[in-house]
Amino acid sequence: MPELPEVETVRAGLERHVVGRTVADVQVLHPRVVRRDLAGPAGFAAAMAGRTVKRAERRGKYLWLALDDDEALLAHLGMSGQLLVGDPDRPLSPHVRARFTFTDGGPDLRFTDQRTFGHLMLVPFAHADVDDARELPIPIAHIAPDPMEAAFDAGDFAARLTRRHTGVKRALLDQSLISGVGNIYADEALWRARLHWARPTETLKRGEVSRLLDAVREVLSEALRAGGTSFDALYVNVNGESGYFDRSLQAYGREGEPCTRCGTPIRRDAFMNRSSYCCPHCQPRPRRAHP
Ligand SMILES: [Zn+2]
């Protein structure tokens, strides 16, 4: 599942290679890719033709292209979706679900997806409310700011987090509280902040919340820097794995390996049909834990 750093890498690629260009033609090669778009494949393609891409934007894990006439092309990458920019004459792989050509005849944009969980839809913008000056596409208007953007309010986050009665990791994954933190980076941030994933949010002290937020920002910005360096070519090629950050992982995926801080083997617990990794010594399980 792509997380914020991966999606930001895609966004930066789209900004560089697609913004400012006008769509000539769209081929929808698999109808499922526009299954949420009410206009259907032919209507989607017709509505995209002639549109100019104004901006490539992101909030958390959500990515969209702002188009002229105040609409957005919202891209959900799902588990395995990729947006690839390249030579328009290169062979069409069987996983390409939609292909966009541009009026300048330059590189085309392809949405590929092995599993077709990802999708594209053309949507209007929601009017920005007073708390958040950014305009967001309507289907994601409820998504909270991510901790890397200016609209993120740390005090408001701390207040809302500690009013909840849930486990801290579950709260970190709640995109209406804080966006852009997925399973991998939640485990890494909790390890850095020395907090157990099941720690009840209502028991968090002010200092622990700010330690956690610092850790979330550190983890995300390190991953962003790592992703940024791998992206300089013509091809926007980012998938759902966070491969380039693997070497820096301290907790996630390291079951049985020694904690780099204290040497205790990292433990894996089942969590929401997935896993949580933590150090039982640095991140002691609270006496009262939320599932
Ligand atoms: Zn440890």
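Indexing begins at 1, ligand by ligand and atom by atom, following the structure's order. FYI, the numbering just counts along the sequence from 1. Remember, predicted model here, so these are calculated numbers, not experimental data.
Put simply, the angle at the Zn ion (ligand 1) from SG in Cys279 to SG in Cys282 is close to 110°, to the nearest 10°. Geometry at the Zn ion (ligand 1): SG/Cys259 and SG/Cys262 form an angle of 110°, nearest 10 degrees.
Distances from the Zn ion (ligand 1) show that His281 has no N/O/S atom below 2.8 Å.
Taking the six-membered ring where the residue is Trp, Tyr252 and Tyr277 present perpendicular rings, their angle passing 60° and hence far from 30°.
In this structure, Ala24 and Ala49 approach most closely via the heavy-atom pair O-CB, 3.7 Å.
With Phe111 as the aromatic partner, Arg97 does not meet the cation-pi criteria of under 6.0 angstrom to the ring centre and within 45 degrees of the ring axis.
We find that Arg59 and Glu149 are joined by a salt bridge, their nearest charged nitrogen and carboxylate oxygen being less than 4.0 Å apart.
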